[in-house]
Amino acid sequence: MIETYVQNIRARLGDFQPEVLIIIGSGLSVLADKVENKIIIPYTEIGFPKITIAGHKGELIAGTLGGKNVLCMNGRYHLYEGHSPALIKDMMSTYQRLGIKEVIATNAAGSLRKEMEPGALMMITDHINFSGQNPLTGVNNDAEGPRFPDVSHAYDENLANRLRQTAQEMGIKLFEGTYFFVVGPNFETKAEVKAFRILGADAVGMSTVPEVIAAVYFGMKVAAISVITNQSADIQTHTLTHEETLFEARQSAVDLQGLILKFLEK
Ligand code: HPA
């Protein structure tokens, strides 16, 4: 499977050698707008499954951004769609074989901190995976990565420093915090978000952690940023919807686009 994915992508890339993977979260597809000399490869052409969620397109965009050769995943796979965690591992293996060294993951997330309001950007500095799901379950191939990988430094400190510096130079407020991964698809109960806060989380969301675990396993460096789209259920007074997530993410996507562009130029 993985070899097929790699060959199908290589066939379209030609001589182009990608270095950085950008994973685009819900409502954030504007991130791909500034990519130059685009090669657009629909996921179905690669052999990846169909995307089933509104606001996610389902194409891989290759090109240059901020002087770097990038691949942008315009649309990602979520476990709540019924995809197996192994798909995420295979996908990240594919990118590693294509030469990707760094991964910038983005997502939409709910805030567990009152002062981190919708529209805020939060750099993920750590995560909590109590989901019971892991992309690395199954037989391990020791040639690919260790059976028991250390993910205690999953978010690369050099990339984080570069992001901090870039945000500061641009006058963009960049919160930092721990991301709590839930499978979804339901938004959380009040008791759940209270519990996550007590456990030390700052934001909650339904993506990114599987990709990060697999990226670390395959030896890629990771940075991740959440766009805060809502307050958690125990703080906010109205019903949460996916439409609100998309709307709020689109509002902040331009800030995030600027930040990532400048970050890549560094
Ligand atoms: N919970 C989980 N996932 C989310 C949220 C949330 O409040 N907002 C955006 N994605």
Side-chain angles (χ1 to χ4, degrees), residues 22-31 51-58 73-83 85 88 104-135 155 173-213 224-257 259:
I22 302 171
I23 304 175
I24 296 178
S26 293
L28 299 173
S29 51
V30 66
L31 290 184
I51 295 270
T52 67
I53 171 80
H56 286 260
K57 256 207 162 145
M73 283 194 73
N74 194 14
R76 66 141 60 85
Y77 297 100
H78 302 84
L79 298 188
Y80 63 70
E81 292 172 272
H83 297 299
I88 310 288
I104 305 170
T106 66
N107 62 46
S111 173
L112 299 169
R113 280 206 249 152
K114 251 201 184 110
E115 71 277 16
M116 203 163 64
E117 293 178 341
L121 299 181
M122 187 192 93
M123 177 166 73
I124 301 176
T125 52
D126 209 343
H127 71 234
I128 298 173
N129 178 20
F130 281 179
S131 67
Q133 303 272 355
N134 195 300
Y155 301 88
K173 169 87 184 152
L174 186 62
F175 287 88
E176 297 188 16
T178 296
Y179 177 90
F180 197 104
F181 171 59
V182 291
V183 171
N186 61 278
F187 290 111
E188 299 69 39
T189 66
K190 291 176 188 169
E192 284 167 346
V193 285
K194 278 182 186 146
F196 300 166
R197 196 177 295 119
I198 290 167
L199 289 172
D202 302 290
V204 54
M206 305 176 194
S207 70
T208 305
V209 165
E211 291 115 317
V212 169
I213 292 171
I225 304 175
S226 293
V227 172
I228 300 300
T229 55
N230 55 277
Q231 292 285 5
S232 55
D234 61 335
I235 294 175
Q236 75 170 13
T237 46
H238 64 274
T239 306
L240 277 180
T241 63
H242 182 55
E243 286 65 38
E244 179 183 340
T245 300
L246 292 179
F247 177 81
E248 291 292 342
R250 284 177 188 133
Q251 298 296 307
S252 306
V254 175
D255 264 1
L256 183 57
Q257 181 197 53
L259 179 65

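Values below: all heavy atoms of this structure, side chains included; hydrogens, waters and symmetry mates excluded. Ligands are counted one by one from 1 in listed order, and the atoms in each one are counted from 1 as well.
Qualifying ring-ring contact (aromatic ring centres under 6.0 Å, His included) partners for Tyr155, counting only residues two or more places apart in sequence or in other chains: His127. Residues forming a ring-ring contact (aromatic ring centres under 6.0 Å, His included) with Tyr77 (at least two apart in sequence, or on another chain): Tyr43, His83.
For the residue pair Thr208/Arg76, the side-chain donor-acceptor check at 3.5 Å is satisfied. No side-chain donor from either of Glu176 and Thr125 sits under 3.5 Å from a side-chain acceptor of the other.
Around ligand 1 you find Ala108, Ala109, Gly110, Phe187, Glu188, Val204, Gly205, Met206, Thr229, Asn230, Leu240, Thr245, each with a heavy-atom distance below 4.0 Å.
Residue pairs that meet the salt bridge (Lys or Arg N to Asp or Glu O under 4.0 Å) test with at least one member in residues 179-193, sequence neighbours left out, do not exist here.
Residues Lys194 and Asp234 are not paired through a salt bridge, judged by the lack of any N-O separation under 4.0 Å between the basic side chain and the carboxylate.
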